[in-house]
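As a basis for the values below, the full set of heavy atoms in this structure was taken, side chains included, without hydrogen atoms, waters or symmetry mates.
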Amino acid sequence: MDVKKLYAKAAALGMVESNSHEDAFHQLVFGLTGKESVKSLTGEEFQRVDKELSRRLKPDNVPGMITNTQRNYVWKLMHELSVLSPSKASNAERLAGAVKSILGITASSSDPLLWVSKSDASRLIARLEKYVESAQRKQAKHSESG
């Protein structure tokens with residue numbers, strides 16, 4: 001496993017921020033594997049992250065479907081939600097459920113955004129932003145009363 005290879009791909013996508021474990025790359029790693037450290041990935045997890053980064057490096061080649069920018073933002077929101085409102089389900093499983101409930105599209109946790117159009121992605125993002133805001137309010141209210 002070449003961790004530098006993953007960082008290089010993530011950097012090419014603009015996902016890496018210096019000295020940050022909260023950047024889009026680490027959020028992607030956490031979303032796909034539940035791990036915060038790239039160095040702690042197993043071989044299978046490494047392959048999963050590498051495959052996703054490689055897929056994202058391909059240009060948006062399906063007109064009308066979710067863009068890479070939208071896709072990255074959705075995963076960022078899912079990471080924020082997982083921090084604010086932890087779950088036993090992985091971010092990918094949670095996102096597949098959100099896609100089903102919000103858009104009515106049956107999604108697989110292996111690629112929850114596969115069938116999401118650009119306009120559906122906008123609706124999904126708006127709802128996920130509301131979920132994050134709600135989780136932030138709940139956390140603030142809990143910390144005030146605790």
Side-chain angles (χ1 to χ4, degrees), residues 1-140:
M1 295 186 314
D2 185 4
V3 173
K4 289 179 184 178
K5 175 182 170 185
L6 294 182
Y7 273 98
K9 286 182 178 184
L13 290 164
M15 298 175 73
V16 177
E17 295 175 23
S18 295
N19 302 319
S20 173
H21 287 288
E22 294 296 319
D23 59 13
F25 174 53
H26 285 87
Q27 292 172 11
L28 171 76
V29 170
F30 185 81
L32 291 173
T33 68
K35 292 188 177 173
E36 294 183 12
S37 169
V38 178
K39 292 177 183 176
S40 68
L41 297 179
T42 65
E44 180 183 323
E45 292 166 337
F46 178 90
Q47 292 300 322
R48 193 176 322 145
V49 172
D50 186 46
K51 182 178 176 183
E52 178 62 19
L53 289 171
S54 295
R55 191 187 60 70
R56 290 182 184 201
L57 280 168
K58 295 177 186 170
D60 294 330
N61 57 1
V62 182
M65 296 306 281
I66 189 171
T67 66
N68 285 335
T69 302
Q70 288 174 313
R71 182 180 297 274
N72 288 337
Y73 188 57
V74 166
W75 283 110
K76 177 184 182 296
L77 291 170
M78 290 306 298
H79 175 72
E80 288 179 34
L81 193 58
S82 72
V83 170
L84 293 166
S85 177
S87 171
K88 290 183 181 180
S90 70
N91 283 354
E93 291 167 334
R94 289 177 87 175
L95 181 54
V99 168
K100 174 70 173 160
S101 73
I102 296 167
L103 303 175
I105 298 170
T106 302
S108 162
S109 61
S110 63
D111 189 356
L113 301 173
L114 180 63
W115 303 109
V116 175
S117 69
K118 190 174 182 177
S119 61
D120 282 343
S122 295
R123 286 185 20 226
L124 178 65
I125 287 168
R127 185 74 68 86
L128 291 175
E129 288 173 334
K130 289 185 186 303
Y131 289 171
V132 169
E133 289 169 13
S134 175
Q136 288 170 334
R137 282 192 306 273
K138 286 179 184 175
Q139 190 176 60

Under 3.5 Å, side-chain donor or acceptor atoms of residues 124-131 against the rest of the protein: list the pairs with distances, not counting sequence neighbours.
residue, atom, partner, partner atom, Å
Glu129, OE2, Tyr73, OH, 2.7

Could you tabulate the donor-acceptor pairs under 3.5 Å formed by side-chain atoms of residues 107-116, not counting sequence neighbours?
residue, atom, partner, partner atom, Å
Ser108, OG, Ser110, N, 3.1
Ser108, OG, Ser110, OG, 2.8
Asp111, OD1, Arg71, NH1, 3.4

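Taking the charged nitrogens against the carboxylate oxygens, Glu52 and Arg48 have no contact shorter than 4.0 Å, which rules out a salt bridge.
Annotation for Val16 and Ala11: closest pair CG2-N, 3.6 Å, computed over non-hydrogen atoms. Across every non-hydrogen atom of Trp75 and Ala92, the tightest pair is CH2-CA, 3.7 Å. The shortest non-hydrogen separation linking Lys118 to Gln70 is O-NE2, 3.1 Å. Pairing each heavy atom of Asn91 with each of Gly31, the nearest pair is ND2-CA, 3.4 Å. Residues Ser40 and Glu45 share a closest heavy-atom pair of O-OE1, 4.1 Å. Nearest heavy atom pair, residue Arg94 against residue Ser82, reads NH1-CA, 3.6 Å.
Put simply, CZ on Phe30 and OG on Ser90 are 10.0 Å apart, with the number rounded to the nearest 0.5 Å. The OG atom of Ser117 sits 7.5 Å away from the CG atom of Leu103 when rounded to the nearest 0.5 Å. From Leu81, atom CG reaches atom CD of Gln136 across 9.5 Å, with rounding to the nearest 0.5 Å. The CE atom of Met78 lies 10.5 Å from the CD atom of Glu93; values are rounded to the nearest 0.5 Å.
Listed by chain and number, the residues in a salt bridge (charged side-chain N to carboxylate O under 4.0 Å, His left out) with Arg137 amount to none (sequence neighbours excluded).
Side chain of Lys9 to backbone of Leu53: no donor-acceptor contact under 3.5 angstrom is found. Distance alone, capped at 3.5 Å, places no donor-acceptor pair between the Glu36 side chain and the His26 backbone.
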Please walk me through it: do Phe46 and Thr33 pass side-chain contact (heavy atoms from CB on, under 4.5 Å)? CA-CA 9 Å; Phe46 178 90; Thr33 68; over 6 Å; no

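In summary, of the residues considered (Leu28, Val29, Leu41), a side chain to side chain contact (heavy atoms under 4.5 Å, CB included) with Leu6 occurs for Leu41 alone.
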